[in-house]
Amino acid sequence: MKNLKQIAVVFSLLLAVVFVTAEQSVAQGDVMGGVKSAIKIGSSKDLARNFSSMVEITLESGDATSYSSTQAEFVMKNFFSKNPPVDFSYSHQGASDKGQRYAIGTYTSKNGTYTVLVRMKESKIQSMNFIKD
């Protein structure tokens, strides 16, 4: 009887770990979905909700610059106003061995098309690259 209780406790703990892991994966997927939606409609405010405290952004100039989350929001607002979105979609998503998530997509604006690379860590955007095609 004692062994049966121990097995039940171990099984319950394993089940809890599985649910927590699955919940975290869904939450991270939701974050990527939220980022996609924000870029697709050109909402710097919605995008900024997912920024880490410092964000590296590379735009048309090709120079990567680090900004605070507040500054990054204004940089993206300016970019979206100059390049209003027509469409945005991911072509690939993945994660590194160290847990850094990333997505590669295509941003179509009225002024051209961009390849976009978004890198995240702990469900927060670390860097974004908009490379004009």
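Listed by first and then second residue, the side-chain hydrogen bond (donor to acceptor under 3.5 Å, both in side chains) pairs involving residues 67-77 are S68-Q71 (not counting sequence neighbours).
Residues satisfying the salt bridge (charged side-chain N to carboxylate O under 4.0 Å, His left out) test with R49, not counting sequence neighbours, are D46.
Inter-residue side-chain proximity for V75 and L59 is flagged as met; some heavy-atom pair is nearer than 4.5 Å. Between S44 and F74, the closest side-chain pair of non-hydrogen atoms is not below 4.5 Å. Taking the side chain as every heavy atom from C-beta outward, I39 and L47 approach each other to under 4.5 Å. Looking at heavy atoms from C-beta onward, M128 lies out of side-chain contact with F79 at the 4.5 angstrom threshold. Inter-residue side-chain proximity for K40 and D87 is flagged as met; some heavy-atom pair is nearer than 4.5 Å. Using a 4.5 Å heavy-atom cutoff, the side chains of T106 and V116 are not in contact.
Contact between P85 and I41 at its shortest, heavy atoms only, is CG-C, 3.6 Å. Across N129 and S127, no two heavy atoms sit closer than the pair OD1-OG, 4.2 Å. Here the shortest heavy-atom pairing between P84 and Y107 reads C-OH, 3.6 Å. Residues F88 and K36 share a closest heavy-atom pair of CD2-O, 3.7 Å. Across all their heavy atoms, N50 and G34 have their closest contact at ND2-C, 4.5 Å.
Note that the OG atom of S123 and the CG atom of D30 stand 9.5 Å from one another [nearest 0.5 Å]. R101 contributes atom CZ, which lies 14.5 Å from atom CZ of R119 (distance to the nearest 0.5 angstrom). The OG atom of S37 sits 12.5 Å away from atom CE of M32, with the distance rounded to the nearest 0.5 Å. Expressed to the nearest 0.5 Å, how far CE of M120 lies from CZ of F51 amounts to 10.0 Å.
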Exercise. Would T115 and D133 satisfy side-chain contact (heavy atoms from CB on, under 4.5 Å), going step by step from the backbone distance to the final call?
Worked result: CA-CA 7 Å; T115 298; D133 294 340; 2.8 Å; yes

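Counting only distance, with no hydrogens or angles, the side chain of S91 and the backbone of I104 share a donor-acceptor pair below 3.5 Å. At least one donor-acceptor pair closer than 3.5 Å links the side chain of S52 to the backbone N or O of I125.
Grouping the Ile, Leu, Val, Met, Phe, Trp and Tyr side chains by contacts below 4.5 angstrom, directly or via other members, places V55 apart from L117.
Between F80 and F130, the ring planes are perpendicular. Angles over 60° get that label, and only those under 30° would be called parallel.
In this model, a donor atom of one side chain and an acceptor atom of the other lie less than 3.5 Å apart for Y114 and N83.
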